[in-house]
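Quick note on labels: first sequence line is chain A, next is B, and so on, each numbered from 1. Every heavy atom of this structure was used, including side-chain atoms; hydrogens, water molecules and symmetry mates were not.
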Amino acid sequence: MHGAKHSLGIILFPAFDWSISPTHPEREERLLYTQDQLKEEGLFDIEGVDEHKPGVAGREDVERAHFCFPEVESVATRSHLVAAGGTITAADLVMTGRHKRAFALVRPPGHHAMKVVQGSRGFCNINTEAVMIEHLREKYGVKRIAVVDTDCHHGDGTQDIYWHDPDVLFISLHQDGRTLYPGSGFPTECGGPGALGRTVNIPLPPGTGDEGYLAVMERIVLPILKDFAPEIVVNSAGQDNHFTDPITNMNLTAQGYARMTELLKPDIAVLEGGYAIQGALPYVNLGIALSLAGLDYTGVREPAFDAVKHRQRPDLADYIDRLCDTIPNVYFHPPTEHKDGFVTRQETGEWFVRHKNIYYDTDDITEAQTEELFLCGSCRGLLKIVSRTTKNPACLGIEVPIGACDACRSLGYSIYEEAQVKEGYRFAQFINRRDKEYQRHGF
Amino acid sequence: MYLGIDVGGTHTDAVALDETGIKAQVKVKTDQSDLLASVNQALREILRTVKPDGVLQLNLSTTLSTNAIVQGTTEDVGMLVIPGPGISAHEFMLCRDYHVLPGAIDHRGTETDRLDEAKARAAIDACRASGVRVFGCVGKFSTRNPLHENTLRQSLGPSGGQGPDYVTLGHELGGRLNFPRRLATAYFNCAVWRVFNAFADAVEKSLAELGLGHVRVNTLKADGGTFPLSQARRMPVQSIFSGPAASVMGIIALCDITRDSVILDIGGTTTDIAVFVDGQPLVENDGINIGSHPTLVRALKVRSIGIGGDSAINVLGEAVRVGPNRLGPSLADSVPAGAALPAGARPTLIDALNVTGACAHGNVEASRAGLAEFAARHSIKPDMLAGQAVAAAAEAIYASTQELLAEINDKPVYTIHELLEGRRVAPGRVYLMGGPAAAMKEAVRQRFELFTVVPEHFGVANAIGAALTRNTASLELFADTEKGVMFIPALRHRENVPRTYSLKDAERDAMNHMLAHLSEMGVFADRDNAQVTHASSFNMVDEGRTTGKNIRVKCQIKPGVAFTLNGQPAVPPGGRVAGHSLKLATGQLADKAGERG
């Protein structure tokens, strides 16, 4: 057996004792056959390919990415913390040079989890990629990171977390939001006032196959990545674009996935969705793993594959062609005006304000959120979020970002102190990334 | 009376013992070109003090299969391989007569592509034409459904005459998943089949001649257990690398180990390092490598490094090192008393130990003279060289032990429970055995900074281990209630089960089949040491409906010794997988998590 061309660390955490409900797509059985396939293929005996134990994410690992209300432990189970810990392990393997690349094959997934977490939406509680990215920054000082989300659903959680962050480029390829959950991810969604063009959405028509995905990869994603020149490329490797997936309508094959991975060359891949657990996942995961390791994947073929039946409809090519022509403009020529909120003048200065209504479909919670970003002009700006849900009264989250200026830092402290005195909030969380201070109030 | 023989690379050790202690022990040089002669010599020596009538059992650990592979005296094997989709089977081409056939079984045991029987027949004919007499038939996921392997077996025709002399079917090697390992294991099993059977015939003949025809003969396996010779004839690959296991079992018989410990067996050429957790030896999670090929052969977790009593001392610049090359026996052993040193004599670790005064082995004067001469050549004082050599050996052993511990502590585990229960292995004691054990004790103690024990009989602990090792067995059961099938690959047992078949049923069936199988082989079926090591049941769901259960059970007879010689009551020591007690990973736990989500 040839050794791996790129050494690859795989973190397999199938969470065999966790499910949303016994017959839910996100259930114990989900990675069972994938695990069987990888074992039977002898993947971990290949020189340069190793399996590693996932770590467990701590409270502060999560709080660097999220405001969790009432607290981390109440929105994330042990399985969520291990899944997130698995991505941290993946990051460590790559950053310490133990492996060139890493694949966190973990569940539960995370890319629908937004900055504020009050429960589960889209089967996600905490955003595993975001926890990992904040770990990369905190521990290794990585600055520029690109996340390419190839899950069939729009990665609205990751988009929300990095909306105002010009150093994290978020690109999502997904089935058009007009036809699939969560119903967002249009090209006009392109980032907050300080990060316009650093969120790129590519909605693809139902039925898109290998041809379309690879065209988008070559003509949109790769040129943008080349320009952005990230230090680390993360792939949110959802596998629900597969032609057999029960809850989506795309036509991607295991070969297509492997080829897409080969083009993208991610440093770290993290599993997201993918619910054709018998007919697709074992083969897609094998294809991605082999491709990441630089090994021959041409023999990976799912039993249901039919070259004629699973070809992309010819009429889709023109539509995708037009996307390839226009979407790069989102990054290269972003709009100068933001459309998702408004600027208010307060005594402290100018604030950018967004109102959001968020529905947690998995837990049936409705949230009303006011997000305010202090437009200080010298740093990313202090972030203040007020969140109310059908479950919790008003909660406050304040984040002093990495590299915050003195003004934002002291403003953050004064708002937090004022909130404690006035007792207007049931729970409050204060995250000071500059001084690594994490405080909670209201328990 | 129990006999144990361990045919090692340098020495063949034999003991005869019963509950009251050791009755006879011998150490003879191993004749690598004629292992049978070494076995016979050891037996004859033993029989000088022990009467044949009183002997009940002989346990034999040999390097025969290993040697056949290393020396390339194995025979050509016809490999019929059905890989299905995935990594190309040409990556694992093990031999000349290697035929990849179309056909596929998936992870659930569903046939997703039919076996091309015409191509199979052509492949068989091609093998026959090139004189191949033994065959391995291996399919991917054959442990879930052996259909294609069984079809190939039929195509090969009955054994003997025109048919094959021997056939290994992949699923007979057990239910574990790993197609490349299954391939390699089947290949090696076939490759050593003839040479092992010839040896077994010869041993049985010798025993009859020595008046030991009535004795039960077992063969040691690398997993710290034995199996009857009749069984070893079918699965000779399991007898490979049993030496280190004999040593580990020896220390169990001699010492009462209750905590995390390091076991060092310092031999002539190598030192075997094993780690005990809570007094139990660790087992390799997958299986050992034969050459560069990973296999399914279960083994105790033992790391061998090239440092032993006969390892040559090297000086490289300022650094003094020992091993890994072995340049013949030590001067203390090879130079007759009063004789002059041969030109360019190379001292070994034993010679250094003689000079530091840690032991007085053989011709101490030769050691001194040789070391003085070698030291002069490198402008070092002899005492200093000897001291540094011993320290370097201890350092190398220590470094390898630390590496092994790091590897153990980095094991992947699957369920949350195992993860939470996972604890770091931190040895508190070192047990030393093998020829130079007593001499190395002080150096090892200083380097490890741990309480260090050298048991009585440390020189023949391996043979004691061989003599007292019990039978072990293990099997995997796989059931799919949607398909209504239960399958135990190792026993080639497949039966229909009702949709109501449960994890409990599967555990009971796995146990009963294992014990029944042992009884059939004439082995005492030891229910007390039988345990289920893995049991999981997953609900299978299709379109929102539960369609059945996917059940996996593994059980084993724990490795252990028949009795101990340490004055303590025989506590059954169990081999355990590195990691921790295996918890059920069933859907039942899930409901709790679901409530929170």
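- Looking at A:Pro246, neither its backbone nor its side chain comes within 4.5 Å of chain B, counting heavy atoms on both sides.
- Few gaps surround CZ on B:Arg96; more than 12 heavy atoms of other groups in view lie less than 6.0 Å from it.
- With a threshold of 4.5 angstrom between heavy atoms, A:Glu47 does not approach chain B through any atom at all.
- Residues B:His107 and A:Glu40 are not in side-chain contact: their nearest non-hydrogen atoms beyond the backbone lie 4.5 Å or more apart.
- A donor atom on one side chain and an acceptor atom on the other are found under 3.5 Å apart for B:Glu91 and A:His2.
- The minimum heavy-atom distance between B:Arg108 and A:Tyr33, with the atom names listed, is CG-CE2, 3.6 Å.
- Both the backbone and the side chain of B:Pro180 come within less than 4.5 Å of a heavy atom in chain A.
- The candidate with the highest count of non-hydrogen atom pairs below 4.5 Å against chain A, out of B:Arg545, B:Arg144, B:Arg176, is B:Arg144.
- Of the residues considered (B:Asn178, B:Asp542, B:Thr546), B:Asn178 shows the highest number of contacts with chain A, using heavy-atom pairs under 4.5 Å.
- Annotation: the span from A:Met1 atom CE to B:His293 atom NE2 amounts to 13.0 Å, rounded to 0.5 Å.
- Counting heavy atoms from C-beta outward, B:Arg181 and A:Asp45 have side chains that approach closer than 4.5 Å.
- Smallest separation of non-hydrogen atoms from A:Pro22 and B:Val541: O-CG2, 3.8 Å.
- Looking at B:Asn550, the atoms closer than 4.5 Å to chain A (heavy atoms on both sides) all sit in the side chain, from C-beta outward.
- Annotation: the span from B:Phe538 atom CZ to A:Ile277 atom CD1 amounts to 10.5 Å, rounded to 0.5 Å.
- Between the side chain of A:Glu41 and the main chain of B:Ile87, a donor-acceptor pair closer than 3.5 Å is present.
- Within the 4.5 angstrom heavy-atom criterion, no atom of A:Phe123 approaches chain B.
- Taking each heavy atom of A:Tyr283 and B:Asp106 in turn, the nearest pair found is OH-CB, 3.7 Å.
- With a 4.5 angstrom heavy-atom cutoff, B:Phe92 touches chain A only via side-chain atoms.
- For B:Met93, no part lies near chain A; criterion is any non-hydrogen pair under 4.5 Å.
- At most 12 heavy atoms of other shown residues, nucleotides or ligands fall within 6.0 angstrom of atom NZ in B:Lys119.
- Interface remark: of the candidates A:Pro108, A:Gly287, A:Ala304, A:Gly42, A:Gly42 forms the most heavy-atom pairs closer than 4.5 Å to chain B.
- For the pair B:Arg552/A:Leu32, a side-chain contact is recorded, criterion being any heavy-atom separation below 4.5 Å from C-beta on.
- Minimum interatomic distance between A:Gln37 and B:Pro85 (heavy atoms only, all atoms of both residues): NE2-O, 4.3 Å.
- In this structure, chain B has no heavy atom under 4.5 Å from any part of A:Ile11.
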